[in-house]
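See below for the structure under consideration.
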Amino acid sequence: MKRFGIVFCLLVLAVSQPSAAEEAKSGRFLHEVVAASQAHRESLQQLLRKTQRLPPWVRNMITNPLYVSGASTAVTIAEKPFELFGACLVKLCPQSHLRILFTPQGKIASMRIVDEKMGEIVLGEPDADQLLQLSKPGI
């Protein structure tokens, strides 16, 4: 009977905890995640295909990563978890940078690119709270 109680408690704890797929991670780097996760890579490719007006380093960021990225941050927007990534063109961060919100499953919610020559480019359909996260400074 004691064994049953322990197993039951462990089962309740496992069910009550959000699964790893539902939690946003943090401390990861964009180039590593894109290389390791097919879902992240495919989502990024689909988003980038939606517009022709992109800085070259952004258009080619999957096949030719000429960017640096900071560690990701787990954020919650409207009670939903996201992973926020930032990246910029090597040695030109103030002139050309971006922020991306991924869901924990690797789907992209939205992306905001700021480029000195091309201006601001927003991809996806971010709501006001998502756009606020995408507009925060830093990579």
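As the structure is a prediction and not an experimental result, all values here were calculated from the model.
Residues F85 and V34 are members of one and the same hydrophobic cluster, defined by side-chain heavy-atom contacts under 4.5 angstrom among Ile, Leu, Val, Met, Phe, Trp and Tyr. Cluster membership check: W57 shares its hydrophobic cluster with M118, using side-chain heavy-atom separations under 4.5 Å among Ile, Leu, Val, Met, Phe, Trp and Tyr. Note: the hydrophobic cluster containing L134 does not contain I121 (ILVMFWY, side chain heavy atoms under 4.5 Å, direct or indirect links). Cluster annotation: L84 is not connected to V114 through the hydrophobic network of ILVMFWY side chains, with a link wherever side-chain heavy atoms come within less than 4.5 Å. Following chains of ILVMFWY side-chain contacts shorter than 4.5 Å, one cannot reach I77 starting from I108, and the two form parts of different hydrophobic clusters.
Among all heavy-atom pairs drawn from G124 and L47, the shortest one is N-CD1, 3.6 Å. In plain terms, the two heavy atoms of F82 and A109 that are nearest each other are CE2-CB, 3.6 Å. Closest of all the heavy-atom pairs between S69 and G86 is CB-O, 3.1 Å.
When each of S26, P104, S72 is paired with E83, the side chain to side chain contact (heavy atoms under 4.5 Å, CB included) condition holds for S72 and for no other. Checked against T51 for a side chain to side chain contact (heavy atoms under 4.5 Å, CB included), the options I113, V122, L123, V58 give a single hit: L123.
Note on ring orientation: taking the six-membered ring where Trp is involved, the planes of Y67 and H31 are perpendicular (angle over 60°, cut-offs 30° and 60°).
Atoms SG and CZ, on C88 and R99 in that order, are 11.0 Å from each other to the nearest 0.5 Å. Distance check: H40 NE2 to Q105 CD gives 9.0 Å after rounding to the nearest 0.5 Å. Summarising the geometry, atom OG belonging to S37 is positioned 7.0 Å from atom CZ belonging to R28; distances are rounded to the nearest 0.5 Å. Taking CG from L89 and CE from M61, the interatomic distance works out to 11.0 Å, rounded to the nearest 0.5 Å. The OG1 atom of T103 lies 10.0 Å from the CG atom of L101; values are rounded to the nearest 0.5 Å. Once rounded to the nearest 0.5 Å, the distance linking CG of L98 with CE of M111 reads 5.0 Å.
Looking at L30 and F102, their side chains come closer than 4.5 Å, going by heavy atoms from C-beta outward. For the pair C93 and V68, the minimum side-chain heavy-atom distance is below 4.5 Å.
Environment of CD in E120: crowded, with over 12 heavy atoms of neighbouring residues, nucleotides or ligands closer than 6.0 Å.
Although no hydrogens or angles enter the test, the distance criterion places a donor-acceptor pair under 3.5 Å between the side chain of Q130 and the main chain of D127. Between the side chain of N60 and the main chain of T63, no donor-acceptor pair closer than 3.5 Å is present.
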